[in-house]
Amino acid sequence: MSLDQHLPETLRRAADEHTPPFPDLSSIVDGGRRRKRRRDVRRVSVAAACLAVVAAVPVIVDPFATESTPPTGEVDRVARVTDLPVGATPDIPYCPGDRTLRGAGDPVDAECDVFIHRGETTLFLNRHGVNRLAGGELTLLDSRDWSSWYPALSLDGRWAAWVTETPEGPNAALLLAFDLQTGEQVAEVPWSTGEGWVAGIDDLGRVYFQDYARGEVDMHDLRTGETTGVTGLPDHDPPSIKFVTSEGFGIYSDGEGVIRGSVSADGRFIQQHHVDYLWGTQFSPDGSLASYERDGQLVVGPSTGDAPVVPLELPRQGAPVWFPVWEGPETVLVQFDPWATPQPLGQGLDSRARGTWLLRCYAEDGSCEVALSEGWGDRMSGPVYR
Amino acid sequence: MRDLQEFEQYVVARWVGFHRLALLLAGSEVAAQDLMQVTLEKVFVAWPKITTMASPDAYVRRIMLNSLISTRRLARNRREVATAEPPDQGSDSAEQEVLDHALLWPMVCALPTRQRAVIVLRYYEDLSEREIAAELGCTVGTVKSTAHDAMNALRRGIAAVPVTEGIDR
């Protein structure tokens, strides 16, 4: 018998000799969640722990219970989500729960998945790839899997950029970018994500990539096609971009917190001022307001200056499952799980929701109302808006 | 993740098959368990995408192969495994007196990772050279040369054994 003939039998016997242990599903699932969280955290921030920690309540409360809730001293907050007034449906695209996408022209037949909405632009991410949702149509931009966090949209909604995921590994990835004003793809360049992630893209079409291995931030200018290293960064190793603005970004600085700045055409970071907000900050369409998490509360305040912030008056029972998305110049939408216990959003990156409500909160006074009640989102167990 | 229950059902249904493959690829029970854990954690992360695939098993197998090769590559690059002894070439005298498959299996285990992967995919998974090339992300020519090297290594191992029963050299 030849070696060729022997090998199949040898391998089969070797495989059969060992009785597989019973699968430890909880270990696999826990490990998978940790892996996802590590990947996400590494990509979004090495300093997520800087977010204020809210003491978690170690019980799951019933948001619809009839008994009264102990007073907390916050008289403006209702106890339960069902106590909120009901408002209009969202002004931005949404899933009402009937396997359609609405709010962007005629309804589109599609199961709910992930929306990314900035300015007037909405990306819709589903199993088919990255799509643009507009005019009652889904337009597939690219079918390849994305990696390195979710695709980035500039604040004005013009530019979109993300990195593909390839079976060949992170060194074979591609940076894809689209000018959504013209609908044209403007970049498809080799891009390694082995030790970094795409932090975002500004309104000038400049993609910021922070590389942990080299301890540097690169800027890829979609208009010129050139990639340059950003200089003048504040001290912190590795660099940790917290958010991207219309013309630059905010980055962590040792001893100072987060410094917001602009970036010159030649890639120089020009420090402007210190800000309170961290990762997860979302800006209003004109950039004048920011929503973010502070001391365990979601707040809205001016993106610059020292004017006081306004806490969002969310129900006491439950918690938001993700950062707010701006619906318009004065309102944000909050995905709220009435069954969840409070936890810092920056660390609950893959938090599993159990039936969220979509709440609208007003920047002027923080008051909230129901935009969509439980059942919206077609059973999505994670955040719909990113 | 949209459906945890679906993921768990998939793992349970495919557990034995994947575990056997992991054992052959990794070469030991302990390493196989590690490889299974890493692979299925990655499968968990990618589950929403995997459920849409026509052949999820093939994708999982690719994840397993990538995990195997990248893990070995990392270990080699970081030089974490220091040993005073030369690599085992599968010619331990204690194995010379056992049956053929028990003789051959340690030699397969002693092959470099890529060579072992090619042998397992070819002779256990019964994949063609073209399919193996797709799984490993390399050319058919590379598969041919890797398989050639692996078979030569196995034949050298067999030749080094004084007594072999039934294996043509």
Side-chain angles (χ1 to χ4, degrees), chain A residues 1-40 111-114 125-129 143-147 165-172 194 350 352 378-382, chain B residues 1-4 7-8 11-12 15-24 27 29 32-33 36-38 40-49 51-52 59 62-63 66 70 99-105 107-109 119-120 122-126 134-135 137 151 154-155 158 166-169:
Chain A
M1 187 179 282
S2 70
L3 181 58
D4 275 328
Q5 293 167 316
H6 247 284
L7 275 169
E9 176 65 11
T10 296
L11 296 174
R12 190 190 62 76
R13 287 195 190 191
D16 291 346
E17 272 179 1
H18 295 79
T19 303
F22 194 77
D24 186 349
L25 292 171
S26 62
S27 170
I28 292 168
V29 170
D30 288 347
R33 285 183 172 143
R34 281 195 300 273
R35 181 176 294 274
K36 185 174 187 300
R37 186 175 293 113
R38 278 199 305 272
R39 184 191 70 174
D40 294 345
E111 190 171 33
C112 196
D113 223 305
V114 172
L125 283 54
N126 65 2
R127 61 186 179 179
H128 300 301
S143 61
R144 285 168 283 195
D145 295 328
W146 63 90
S147 67
E165 185 173 273
T166 63
E168 289 75 24
N171 293 327
D350 58 349
R352 186 179 177 86
D378 298 336
R379 294 193 306 118
M380 277 281 285
S381 59
Chain B
M1 177 171 293
R2 186 178 290 278
D3 196 339
L4 177 62
F7 168 77
E8 292 179 341
V11 170
V12 170
W15 177 260
V16 173
F18 284 142
H19 187 272
R20 285 175 174 164
L21 178 60
L23 180 71
L24 296 179
E29 180 66 29
Q33 288 181 21
M36 283 289 282
Q37 181 75 20
V38 170
L40 293 175
E41 285 178 4
K42 291 179 178 177
V43 170
F44 175 89
V45 174
W47 184 246
K49 289 177 285 187
T51 55
T52 66
Y59 190 76
R62 183 174 294 188
I63 290 176
N66 284 341
S70 62
L99 296 175
D100 293 343
H101 77 274
L103 171 72
L104 190 52
W105 171 234
M107 295 181 188
V108 174
C109 293
I119 291 297
V120 171
R122 176 70 187 89
Y123 292 101
Y124 183 74
E125 292 286 287
D126 201 25
E135 292 284 328
M151 294 299 276
L154 293 175
R155 289 194 174 97
I158 294 167
I167 300 179
D168 297 336
R169 300 178 188 181

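Values below: every heavy atom of this structure, side chains too, minus hydrogens, waters and symmetry copies. First the proteins, then the strands, lettered A, B, ... as listed; each starts at 1.
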Legend entry - Atom of B:Val12, atom of A:Pro23 and distance for their closest heavy-atom approach: CG2-CG, 4.5 Å

Legend entry - Which portion of B:Ile119 sits near chain A, non-hydrogen atoms under 4.5 angstrom: both

Legend entry - Spacing of B:Tyr123 atom OH and A:Gln5 atom CD [to the nearest 0.5 Å]: 10.0 Å

Legend entry - Contact origin within A:Asp30 toward chain B - heavy atom pairs under 4.5 Å: neither

Legend entry - Nearest-0.5 Å distance, CG of residue B:Leu23 to CD of residue A:Glu17: 9.0 Å

Inset, instruction - Determine the option with the most heavy-atom pairs under 4.5 angstrom with chain B, choosing from A:Ile28, A:Asp24, A:Asp16. - result: A:Ile28

Legend entry - Min side-chain heavy-atom separation B:Phe7-A:Leu25 under 4.5 Å: no

Inset, instruction - Under 4.5 Å heavy-atom distance to chain A, tell me which part of B:Leu40 shows up: side chain, backbone, both or neither. - result: both

Inset, instruction - For the residue pair B:Leu104 and A:Leu11, establish whether any side-chain heavy-atom pair is separated by less than 4.5 Å. - result: no

Legend entry - Part of B:Met36 within contact of chain A (heavy atom distance under 4.5 Å): neither

Inset, instruction - Without swapping roles, check the side chain of B:Trp15 against the backbone of A:Pro21 for a donor-acceptor pair under 3.5 Å. - result: yes

Inset, instruction - Write down the atom of B:Glu41, the atom of A:Gly31, and the distance for their closest heavy-atom approach. - result: OE2-CA, 3.3 Å

Legend entry - Smallest separation among heavy atoms of B:Leu24 and A:Ala14, with atom names: CD2-CB, 3.9 Å

Inset, instruction - Decide yes or no for A:Leu7 and B:Met151: does some side-chain heavy atom of the first lie under 4.5 Å from some side-chain heavy atom of the second? - result: yes

Inset, instruction - Write down the atom of A:Pro20, the atom of B:Val16, and the distance for their closest heavy-atom approach. - result: CG-CG1, 4.2 Å

